[in-house]
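First comes the structure, then the notes that go with it.
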There are 2 protein chains.
Amino acid sequence: MVTLEDVARHAGVSLATASRVLNGSTRQVGASLRVKVELAAAQLGYRTNVAAQTLARGASNVVGLVVHDLTDPYFAAIADGAMRVAEEQGLMVMIGTTHRDPQREIAYVSTLNAQRVRAVLLVGSRVADEQLTRQLREELDRYRETGGRVACVGQDLLGVDAVVPDNRLGAAALARALAGLGHRSFAVLAGPERLIAPMDRVAGFADALEELGLPAPLVLHGSFDREGGYAAATQVSGVTCVFAVTDVMAVGALAAFRDRGIRVPEDVSVAGFDDISTLRDLVPSLSTVRLPLAEMGARALEMALAPDEGARAQVVTGEVILRESTRALG
Amino acid sequence: MVTLEDVARHAGVSLATASRVLNGSTRQVGASLRVKVELAAAQLGYRTNVAAQTLARGASNVVGLVVHDLTDPYFAAIADGAMRVAEEQGLMVMIGTTHRDPQREIAYVSTLNAQRVRAVLLVGSRVADEQLTRQLREELDRYRETGGRVACVGQDLLGVDAVVPDNRLGAAALARALAGLGHRSFAVLAGPERLIAPMDRVAGFADALEELGLPAPLVLHGSFDREGGYAAATQVSGVTCVFAVTDVMAVGALAAFRDRGIRVPEDVSVAGFDDISTLRDLVPSLSTVRLPLAEMGARALEMALAPDEGARAQVVTGEVILRESTRALG
DNA sequence: AACCTCCCGGAAAGCGTTTTCCAAAGTCTG
DNA sequence: CAGACTTTGGAAAACGCTTTCCGGGAGGTT
């Protein structure tokens, strides 16, 4: 393994000079020495030892990303956005997937802290559990005490920078749009009861219906994925419109209705939330609330990296998009 | 920042002892001291500085993953499989996305080398370009010279461990299956001309047709994504069956046919390759060649991590799955 | 010419671990 | 109970880089 010292010796300069030439520094190095060093480095095939660099500098050039499930296009989109800004800033990205296990999320924060990553992004909704939240916060505080930066995407965690969609507002807008199509009876496929983001969407949706003087929707809980949507949709009957709190769940619902011989949108309308682009080719195309997922990931990382102090929250508002899966009633 | 030295002092033991207790070692430490150290660490909130550890140990506990595009479910599935084994082995994963830029792939290998990652996984097909391949190989060799381990997924790179689908065989089997349905005239949506994996699929498909005494397919090139499939499909006419070398491209083709008013499978049959699970709810459901993507990622990482020397290649064979997008003729 | 500044190169002190040696204290054997 | 092992704890030398501090030379000003 060729070290900086080898390069320095080979170039006939000091370690300090070699370091200044190769690994960036505020200090200038004279042209002749600079060339010698660069040549030596190239000849020997020198590669900086990042661990040593990190140790000496006291700061690494990697950021951490904690997501629930990378194969879920929602998370993939956000991760992609974040990775784009990481790349711009010359940072590497370390990813951990929790598979929706809160303990794992906490463990990852701890590990990323040990790695002394520059920032960590927590992506996705968390369950409303006193103890887990406290544990997570403790871990985050420990990390931040020593200069770590944290931001959340998709869910607010008090005292932490966050980029969050206005779930209530988006869901309410969707409810009004669907009511505008003439729908009066609704079901909501709601995801797990304790998960915060979906519950906000349910609440926003229900509140808007109430304001419009419409009957409260039938709320069905299920897991926060395609299967949950499918399972919940099998229990739906007697409504003209179904709101799945997630596009992914809506896909499950679509499948369930197809299997049951219920036509969408002729027999029942279906709407989702998120506007996952991988899903744009579904038939019928899905009405939804568009969220700029990649941008959210990007903004969150930018925010976490920004030197500015104080917890900030950026709220992004979703845009209702009506497509083929919802139809206007007579 | 609390260091191991702080912990040692607080516990009244030496640095060596503290290290042995907290960060794993072959050496035993007496029960009483062990407890003292653990207590001190917990009280002070000690977190190992991984950079220092890596430097001292000369080996990190992270692996690198280089993919083209994380939002493409093909890569997400493979990455997910690899991450599962990383998690099992207590390794962190660093991901780089090249966005199909070969230079970027090379740059990532270099960066991951600098990080002294334990292994790097190169996922996805590469272009057949002399010079780029040589550059990549040089970078890989440099990495491997110093103990780095490398494995490829989805594409063979001579001299490197690899888990690859048998693209020719899979495509040939698909061709035979489609011919078995009565199809005689085919188009192939083939992706970029220089990309190796898709070209193998095209070749396997064409060879099988020839063996069957059927006319050669119309081969249309395009980009290796949904848009490429869409664009290529707009030029298709006069065939009863279209083979897109990728499910993702097949989705584009489906969309194109829909826009052109061409019904699938009534007017034309469409088949893909990969069996992306996110796409299972498409209507019509896609005939394809199933590849165990997650498992491929997992096996590749296991192979890279295994101490055994010598380049090995694991070939996985695809399984033809006929669904609704292909129909039997007369 | 004397004095001040700047600039650039090098020596060396860290950064926080791991690990190799030693030494001391047990634990066995015969 | 002496000698030979085996454990267990500690001192200190790496690991490969960054950065502070110093000194010397070049250039500019009176």
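Nothing here was measured: the structure is a model prediction, and the numbers come from that model. Throughout, protein chains are lettered first and strands after them, A, B, ... in sequence-line order, and every chain is numbered starting at 1. Note that these values count all heavy atoms, side chains included, but never hydrogens, waters or copies made by symmetry.
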Does [N] have its OP1 or OP2 closer than 4.0 Å to a side-chain nitrogen or oxygen of [X]?
X: A:Thr17; N: C:dG10; result: yes
X: A:Gln53; N: D:dT18; result: yes
X: B:Ser19; N: C:dT18; result: yes

Query raised in the report: Minimum heavy-atom separation for A:Ala86 to A:Val93, with atom names?
Result: CB-CG2, 3.4 Å
Query raised in the report: Side chains of A:Ser125 and A:Gln155: donor-acceptor distance under 3.5 Å anywhere?
Result: yes
Report task. Round to the nearest Å and state the distance from B:Glu5 atom CD to C:dT18 atom C1'. Result -> 14 Å
Requested in this report: Please report, rounded to the nearest Å, how far the P atom of C:dT18 is from the CG atom of B:Leu4.
Outcome: 6 Å
Query raised in the report: Among the nucleotides D:dT18, C:dG16, D:dG16, which one has an atom lying closest to any side-chain atom of B:Asn49?
Result: C:dG16
Query - Which nucleotide in D:dG16, C:dG10, C:dT19 has an atom nearest any side-chain atom of A:Ala56 - result: D:dG16
Report task. Kindly say whether B:His68 contributes a backbone atom to a donor-acceptor pair with the side chain of B:Arg100 at under 3.5 angstrom? Result -> no
Requested in this report: Would you classify B:Gly30 as touching base, sugar-phosphate or nothing, given that sugar-phosphate means primed atoms plus P, OP1 and OP2, and contacts are heavy atoms under 4.0 Å?
Outcome: sugar-phosphate
Report task. Take B:Val21 and B:Glu38 through the test side-chain contact (heavy atoms from CB on, under 4.5 Å) and record every step on the way to the result. Result -> CA-CA 7 Å; B:Val21 171; B:Glu38 280 164 352; 3.9 Å; yes
Query raised in the report: Donor-acceptor pair under 3.5 Å: do we get one between B:Arg20's side chain and the base of D:dG10?
Result: yes
Report task. Map A:Leu15 and A:Arg27 onto DNA chain C by nearest heavy atom, then report which one ends up closer to the 5' terminus. Result -> A:Arg27
